[in-house]
Amino acid sequence: MIIEFDDSLSCALFSLSLSRCGNTIFKKHDGRCVQVDCTGYMKTPLGQEAPCTLEYNPICGTDGVTYGNKCAFCSAVANGADIDQNREGECPQVDCSDYTHPHSSCTLESLAHCGSDGKTYSNKCQFCNAVEISDRKLHLQRYGEC
């Protein structure tokens, strides 16, 4: 029987049988449960990084960060990052550097931006205003409606 436990302390996918059968429980990896198979990735000692290859096979995390490969992503998960895979490939980016202060008015152009808060912003100006108001915590999930 396979059971998934999803908590912030330790991840899941345990092999579990009834105790009367004499089987034990096995932890698959440190961190929370995620869509990527992070089997074998364990928390690294404080101040140390996991030894990952330089292979570039990007994973976009739900935190808007592009991780260079599975190792970098799974190491972040194992070390407590509250993330999951948003998509394979690089995260979409919007340059909001011109928006250091929210603009009081935006054009009526329509090019939807789906934010990490689950809201659809009708264009770049409205999205970048929300990014500023969120102290740059908001990031783009994808172009188009949420």
Side-chain angles (χ1 to χ4, degrees), residues 1-17 24-146:
M1 177 190 306
I2 303 289
I3 298 177
E4 285 195 42
F5 294 83
D6 192 7
D7 64 19
S8 62
L9 299 176
S10 181
C11 187
L13 204 57
F14 288 84
S15 173
L16 175 66
S17 291
T24 56
I25 298 173
F26 301 97
K27 179 169 71 169
K28 194 169 185 183
H29 62 84
D30 285 338
R32 62 189 295 273
C33 293
V34 292
Q35 295 175 26
V36 177
D37 180 8
C38 289
T39 301
Y41 291 90
M42 300 299 166
K43 187 173 183 175
T44 56
L46 190 62
Q48 292 185 16
E49 289 188 23
C52 295
T53 67
L54 297 178
E55 165 197 22
Y56 191 66
N57 190 10
I59 294 175
C60 176
T62 53
D63 57 353
V65 173
T66 299
Y67 295 87
N69 57 35
K70 178 181 173 178
C71 177
F73 176 82
C74 289
S75 294
V77 170
N79 284 288
D82 186 19
I83 58 172
D84 203 341
Q85 176 181 343
N86 183 22
R87 59 189 257 179
E88 290 182 7
E90 294 183 4
C91 294
Q93 300 294 318
V94 175
D95 180 11
C96 291
S97 59
D98 294 343
Y99 295 83
T100 55
H101 302 294
H103 293 181
S104 58
S105 62
C106 293
T107 65
L108 296 177
E109 101 183 276
S110 182
L111 177 60
H113 290 59
C114 176
S116 57
D117 57 358
K119 294 181 182 175
T120 299
Y121 298 89
S122 59
N123 57 40
K124 178 181 176 179
C125 177
Q126 290 185 354
F127 176 77
C128 289
N129 280 346
V131 168
E132 274 305 306
I133 291 168
S134 75
D135 290 327
R136 300 204 168 265
K137 292 181 179 131
L138 178 69
H139 57 270
L140 183 67
Q141 288 284 59
R142 66 180 171 277
Y143 289 102
E145 294 186 10
C146 293

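Heavy atoms only: backbone and side chains are in, while hydrogens, waters and symmetry mates are out. Worth saying up front: this structure is predicted, and the values here are computed from it rather than measured.
One N or O on the side chain of S116 and one on the backbone of H139 form a donor-acceptor pair closer than 3.5 Å. Between the side chain of K70 and the backbone N or O of I59, no donor-acceptor pair lies under 3.5 Å. Judged by distance alone, with hydrogens and angles left aside, the side-chain atoms of N79 form a donor-acceptor pair with the main-chain N or O of T44 at under 3.5 Å. For the pair D63 (side chain) and D82 (backbone), a donor-acceptor distance under 3.5 Å is absent. The closest donor-acceptor contact from the side chain of S134 to the backbone of V131 lies under 3.5 Å.
Judged as a side chain to side chain contact (heavy atoms under 4.5 Å, CB included), and not counting sequence neighbours, the contacts of V94 are C96, H113, K124, F127, C128, L140, Y143. Qualifying side chain to side chain contact (heavy atoms under 4.5 Å, CB included) partners for C114, counting only residues two or more places apart in sequence or in other chains: Q141, R142, C146. Every residue two or more places apart in sequence or in another chain that forms a side chain to side chain contact (heavy atoms under 4.5 Å, CB included) with S122 is listed here: Q126. Checked against salt bridge (Lys or Arg N to Asp or Glu O under 4.0 Å), E132 has the following partners two or more places apart in sequence or in another chain: R136. Not counting sequence neighbours, the partners of C91 by the side chain to side chain contact (heavy atoms under 4.5 Å, CB included) test are C60, T66, Q93.
When all heavy atoms of D95 and S97 are compared, the pair lying nearest together is OD1-OG, 2.7 Å. Pairing each heavy atom of D84 with each of F73, the nearest pair is C-CZ, 3.6 Å. When all heavy atoms of A112 and T120 are compared, the closest pair comes out as CB-CG2, 3.9 Å. For the pair A130 and L138, the tightest heavy-atom approach, listed with the atom from each and the gap, is CB-CD2, 3.5 Å. Annotation for V36 and Q85: closest pair CG2-OE1, 2.8 Å, computed over non-hydrogen atoms. Across all non-hydrogen atoms, the minimal contact from I83 to A76 is CD1-CB, 4.2 Å.
With 3.5 Å as the limit, one finds no donor-acceptor pair spanning the side chains of Y67 and E90. No side-chain donor-acceptor contact under 3.5 Å links N123 and S110.
Rounding to the nearest 0.5 Å places NZ of K119 at 15.5 Å from CD of E145. The SG atom of C125 sits 12.5 Å away from the CG atom of L111 when rounded to the nearest 0.5 Å. Annotation: the span from Y121 atom OH to N129 atom CG amounts to 10.0 Å, rounded to 0.5 Å.
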Side chain to side chain contact (heavy atoms under 4.5 Å, CB included) evaluation trace for C71 with T53: CA-CA 8 Å; C71 177; T53 67; 5.9 Å; no
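Evaluation of the ring pair (Phe, Tyr, Trp, His ring centres under 6.0 Å) test over residues 79-101, restricted to residues two or more places apart or in two chains, returns Y99-H103.
Surrounding CD of E49 are at most 12 heavy atoms belonging to other residues, nucleotides or ligands under 6.0 Å away.
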